[in-house]
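Below is one structure; the comments refer to it alone.
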Amino acid sequence: MFSAADHAFMSHALQLAEKGLYNTTPNPRVGCVIVQNEHIIASGWHEKAGQPHAEIHALKMAGEAARGATAYVTLEPCSHYGLTPPCVNHLIEAGIVKVNMAMEDPNPLVAGRGRMLLQQAGITVATGLLETQAQALNIGFVSRMTRKKPWVRIKIAASLDGKTALRNGASQWITGEAARTDGHRWRARSCAIMTGIGTIKSDNPQLTVRHIETTRQPKKIVLDSQLSIPLGASLLQDESAIIFTADHHNQAKISQLTKLGVQVIPLPANDGTVDLEKMLTLLATDFAMNEILVEAGSNLNGALLNANLVDEIILYLAPHLLGDDAQGIFRLPELVDLKQKKTLIFEDIRTVGQDIRIVARFR
């Protein structure tokens, strides 16, 4: 159905889409190339939410040369008015005669409607060209639209024997500089970084992107069941923090945090902790978050894992041994049968500096 040239053009569009990896949230990452007589005459990508979409950039570059051309788009062109007008209308008006799409848009506001409008205008449409790659690039957006939950990654830096810190809490630095920089790339692509109150009290992290260039900082999410976070915590200083708590009675503390620009959301579960599943649904539906990166200790890691709310684990293993008394990765209930084990699939294994990075997903 698709030729080698088709694959090459769409591959280029996907490479363009990846340029928006850090900045398009909550929108998907999209690339577009326009081809005339087997040559690319224009290209574009969605650079930032609220700005023109990939197709608009490419059509502007092509001008009148777009008439009679083929557009390769990594995601079905939008057909609704949001912060920008529908891309479908622009493709039709420009005289595009064929559109090859990598995947249909899972957004219910689009979901095949863009394809239908193009076909009604007499434009030939084909779907599925490098679809797997396109879905991987927007895995969080697809998750939010289809599951009403963000894609949840847990990032862990550990020793070779699976320890994240010494018994006394010392953890800087287990992994090397290259691994830490790589970790900031995962931060930069995330809508938010999530941690627990234990990590706040022991490490006082900033949870910011510092080692790579980006124009957007992710939100910061803290799970603090008893609302015991110190008001001087580093991540409370830039008005981008959201605290989920089980304590809705401490109005004085809530008022203090609110004055700092912190959003406090009581969401108690029956056991006195934060309702994790409701929290993730809220982050998807009310906050439009696609990808969440969890950087926490064994308690929150274990709670999310035990509730089957983790999609992916990014594990950096350093060539060190810290011993049995050091702190572990997950706090989980004891298993009495190997059938209870949680099974993952290795997606990627590579060396990063002196360390090994493993990316694994649950079945």
Side-chain angles (χ1 to χ4, degrees), residues 14-25 29 133 136-140 151-166 168-196 199-200 202-221 234-235 238 290-298 300-301 304-305 310-323 326-330 344-362:
L14 285 165
Q15 290 172 1
L16 292 172
E18 196 169 359
K19 290 177 178 286
L21 190 65
Y22 302 152
N23 300 315
T24 64
T25 182
R29 299 131 183 165
Q133 293 88 329
L137 185 61
N138 285 306
I139 197 164
W151 184 263
V152 177
R153 295 185 176 96
I154 290 182
K155 182 175 78 68
I156 303 161
S159 61
L160 199 57
D161 53 348
K163 304 298 181 179
T164 60
L166 299 181
N168 62 15
S171 62
Q172 296 182 346
W173 297 102
I174 291 177
T175 54
E177 185 177 353
R180 296 197 297 274
T181 299
D182 189 68
H184 278 251
R185 294 188 181 96
W186 292 100
R187 283 187 178 186
R189 68 175 289 166
S190 303
C191 300
I193 306 169
M194 179 183 294
T195 195
T199 299
I200 298 297
S202 63
D203 296 342
N204 192 24
Q206 298 179 56
L207 299 186
T208 54
V209 180
R210 298 186 299 279
H211 297 299
I212 63 169
E213 186 176 346
T214 179
T215 60
R216 179 193 64 88
Q217 287 290 339
K219 289 281 190 178
K220 303 162 189 177
I221 299 171
S234 294
L235 58 70
D238 64 0
N290 297 329
E291 299 178 19
I292 304 292
L293 185 68
V294 180
E295 297 190 21
S298 61
L300 179 53
N301 287 346
L304 288 165
L305 191 61
V310 180
D311 298 300
E312 188 171 81
I313 293 175
I314 304 164
L315 175 61
Y316 296 91
L317 286 176
H320 315 304
L321 301 174
L322 299 185
Q327 298 180 26
I329 296 174
F330 298 106
L344 298 94
I345 300 171
F346 289 138
E347 293 288 327
D348 184 77
I349 302 174
R350 67 180 67 187
T351 56
V352 180
Q354 65 180 5
D355 306 308
I356 295 173
R357 189 191 75 187
I358 299 171
V359 179
R361 293 180 184 169
F362 286 92

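As the structure is a prediction and not an experimental result, all values here were calculated from the model.
By the 4.5 Å heavy-atom criterion applied to side chains, K155 and Y316 are counted as neighbours. Here the side chains of R187 and L207 are in contact, with some heavy-atom distance below 4.5 Å. Counting only heavy atoms from C-beta outward, the side chains of L137 and Q133 never approach each other to under 4.5 Å. Side-chain contact between F362 and I313: present, with at least one pair of heavy atoms (C-beta onward) separated by less than 4.5 Å.
One finds the CD1 atom of I212 at 8.5 Å from the NE2 atom of H184 (value rounded to the nearest 0.5 Å). To the nearest 0.5 Å, the span separating CG on L344 from CZ on R361 amounts to 11.0 Å.
For D203, the side-chain contact (heavy atoms from CB on, under 4.5 Å) partners at least two apart in sequence or on another chain are S171, T199, P205. R210 is linked by a salt bridge (charged side-chain N to carboxylate O under 4.0 Å, His left out) to nothing, counting only residues two or more places apart in sequence or in another chain. Considering only residues two or more places apart in sequence or on other chains, A157 meets the side-chain contact (heavy atoms from CB on, under 4.5 Å) condition with T175.
Closest of all the heavy-atom pairs between Y22 and R189 is CD2-N, 3.7 Å. Contact between G323 and D161 at its shortest, heavy atoms only, is N-OD2, 2.9 Å. Heavy atoms only, all atoms of each residue included: T164 and I329 are closest at CG2-CG1, 3.8 Å. Contact detail for C191 and T25: the closest heavy-atom pair is SG-OG1, 2.8 Å. Contact between A296 and G196 at its shortest, heavy atoms only, is CB-N, 4.1 Å. Contact detail for I174 and S159: the closest heavy-atom pair is CG2-N, 3.8 Å.
With hydrogens and angles ignored, the 3.5 Å screen pairs no side-chain donor or acceptor of R29 with any backbone N or O of A17. A donor-acceptor pair is defined here as one N or O able to donate and one able to accept, closer than 3.5 Å; such a pair exists between the side chain of D355 and the backbone of G176. Although no hydrogens or angles enter the test, the distance criterion places no donor-acceptor pair under 3.5 Å between the side chain of S190 and the main chain of I292. Not a single donor-acceptor pair under 3.5 Å links the side chain of H211 to the backbone N or O of R180. Panel note: side chain N204, backbone S234; a donor-acceptor pair is recorded below 3.5 Å. Not a single donor-acceptor pair under 3.5 Å links the side chain of R357 to the backbone N or O of A179. Using a distance-only test at 3.5 Å, with no hydrogens or angles considered, a donor-acceptor pair links the side chain of Q217 to the main chain of V209. In terms of modelled atom types and a separation under 3.5 Å, the side chain of N301 and the main chain of F330 share no donor-acceptor contact. Of the possible donor and acceptor atoms, none in the side chain of E347 sits under 3.5 Å from a partner among the backbone N and O of A360.
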>> For a side-chain contact (heavy atoms from CB on, under 4.5 Å) check, start with the C-alpha distance between V152 and M194, then their side-chain angles and the critical distance, and finish with the verdict.
In response: CA-CA 10 Å; V152 177; M194 179 183 294; over 6 Å; no
> side-chain contact (heavy atoms from CB on, under 4.5 Å) between K220 and D238: does it pass, once the steps are laid out?
Replying inline: CA-CA 10 Å; K220 303 162 189 177; D238 64 0; 2.7 Å; yes
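Partner of R153 under the side chain to side chain contact (heavy atoms under 4.5 Å, CB included) criterion, chosen from V294, V359, I139: I139.
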